[in-house]
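Reminder, nothing fancy here: chain letters follow the sequence lines and each chain counts from 1.
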Protein chains: 2
Amino acid sequence: MANGKADTTLSIGELATRSGVSAEAIRYYEREHVVPAAARGGPGRYRRYDEYDVERLQFIRRARELGFSLDEVRELLALNDGSPSRPCTDVNRIARAHLAQVDEKLARLGALRAELDRVISECAGVVPVADCRILSALSGGPAHER
Amino acid sequence: MANGKADTTLSIGELATRSGVSAEAIRYYEREHVVPAAARGGPGRYRRYDEYDVERLQFIRRARELGFSLDEVRELLALNDGSPSRPCTDVNRIARAHLAQVDEKLARLGALRAELDRVISECAGVVPVADCRILSALSGGPAHER
DNA sequence: TGTACACCTTGTAGTGGCTACAAGGTCAAC
DNA sequence: GTTGACCTTGTAGCCACTACAAGGTGTACA
């Protein structure tokens with residue numbers, strides 16, 4: 001209570017600046033129960049935050065940057081808040097499942113990229129539209145697709 | 001007019017089956033002016049289609065599978081419909097710009113994947129939550145992030 | 001001719017994770 | 001007291017659909 005850190009209070013705009021999460025996103029997280037409803041301190045009815053909230057939002061931002069969904073972020077936060085002596089099996093499960101999803105997305109995008117590249121490479125861009133290999137590929141050209 | 005192909009008429013459901021595009025998506029494309037409003041033929045007011053529409057929808061489906069946006073699809077269709085003797089410069093431009101976007105997305109996703117993998121590899125999943133490297137990385141661990 | 005039933009119609013809401021307003025309220029400083 | 005920056009809630013928009021509701025139509029068969 002007297003640690004000189006937790007009793008600084010911040011507005012949502014200050015929290016936004018400090019955490020790197022926009023004020024609108026913070027309100028959105030509150031609506032979506034990713035973070036609890038902020039206390040409305042002081043004389044008025046504005047949301048008030050402290051250093052703990054800065055850390056929390058930074059946690060969320062980093063998780064989002066790694067591509068975790070808000071559902072996953074909620075779970076990770078709950079695990080982070082839970083019993084500190086429990087093994088981090090669930091954290092690992094969530095992270096590995098997410099990695100697997102990212103790998104899938106990469107594989108799909110890589111295949112798409114290869115196909116797109118193949119289609120493009122057949123066309124120099126100077127022939128008449130009627131002979132364009134890109135368009136003929138999309139029209140069901142002979143090269144692939146069945 | 002008497003080529004035995006163009007005068008077969010199809011319902012939206014049949015077009016969906018033949019083109020591989022759902023009936024709901026076809027109606028959506030009509031609303032979004034990706035395809036023109038269908039004729040309402042026959043005795044009632046149902047949409048009627050022909051073989052030409054099957055080809056059109058297949059074109060759209062293939063372009064979508066390659067990740068082109070509906071805006072890009074509209075442009076590609078217009079070029080495909082335009083003067084057949086014009087050079088396919090614009091087709092090439094659209095396709096190459098799209099490829100560049102895909103490459104960007106791949107690079108970002110690859111970097112994210114590497115970072116996620118790094119974070120995960122530091123944690124065997126059996127240590128207490130309090131010592132979990134995944135959570136400490138998200139909390140602003142010492143390894144990176146600033 | 002009746003009727004069952006598959007299919008179609010339009011319109012609306014939801015997806016994810018926000019962003020971008022609009023219209024008005026509050027706070028702090030001067 | 002007044003300015004002006006900041007905050008409030010609520011709503012709409014993004015993308016490319018999907019899903020559903022409530023009702024209309026087409027056709028096959030009895």
What is the separation between atom NE2 on B/His33 and atom C1' on D/dC17, rounded to the nearest whole Å? 17 Å

Shortest non-hydrogen contact between A/Ala23 and A/Ala16, atoms and distance: N-CB, 3.6 Å

Ionic contact status for A/Arg56 with A/Asp53, cut-off 4.0 Å: no

Below the 4.0 Å mark, does D/dG23 have OP1 or OP2 next to a side-chain nitrogen or oxygen of B/Arg45? no

Are A/Glu14 and A/Arg18 close enough for a salt bridge, meaning some N to O gap below 4.0 Å? no

The nucleotide from D/dT18, C/dT26, C/dT9 with an atom nearest the side chain of A/Tyr46 is C/dT26

Separation of D/dA16 P from B/Glu32 CD (nearest whole Å): 9 Å

Could you check how far CD1 of B/Ile26 sits from C1' of D/dA19, rounded to whole Å? 16 Å

Reading 5' to 3' through nucleotides 13-18 of chain C, protein heavy-atom contacts under 4.0 Å coded B for base, S for sugar-phosphate only, - for none: ----BB

Correct closest heavy-atom pair for B/Cys88 and A/Val126 would be SG-N, 4.3 Å

With respect to the phosphate group of C/dT10, does any side-chain polar atom (N or O) of B/Arg47 fall under 4.0 Å of OP1 or OP2? yes

Answer yes or no: does a side-chain N or O of B/Ser11 lie under 4.0 Å from OP1 or OP2 of C/dC7? no

Rounded to whole Å, how long is the line connecting atom CD of A/Glu24 with atom C1' of D/dA12? 13 Å

Atom CZ of A/Arg27 and atom C1' of D/dT9: how far apart are they, to the nearest Å? 9 Å

d(CG, A/Leu15; P, D/dC7) in whole Å: 10 Å

The test is side chain to side chain contact (heavy atoms under 4.5 Å, CB included); show your working for B/Phe59 and B/Val54 and say whether it passes. CA-CA 9 Å; B/Phe59 182 105; B/Val54 175; over 6 Å; no

Given atom CD of B/Glu30 and atom C1' of C/dG11, what is their separation to the nearest angstrom? 15 Å

Rounded off to whole Å, could you give me the CG-to-C1' distance for the B/Leu10 and C/dC7 pair? 14 Å

Nearest heavy atoms of A/Pro87 and B/Val129, plus distance in Å: O-CG2, 3.9 Å

A/Leu15 versus A/Leu10, closest heavy-atom pair with distance: N-CB, 4.4 Å

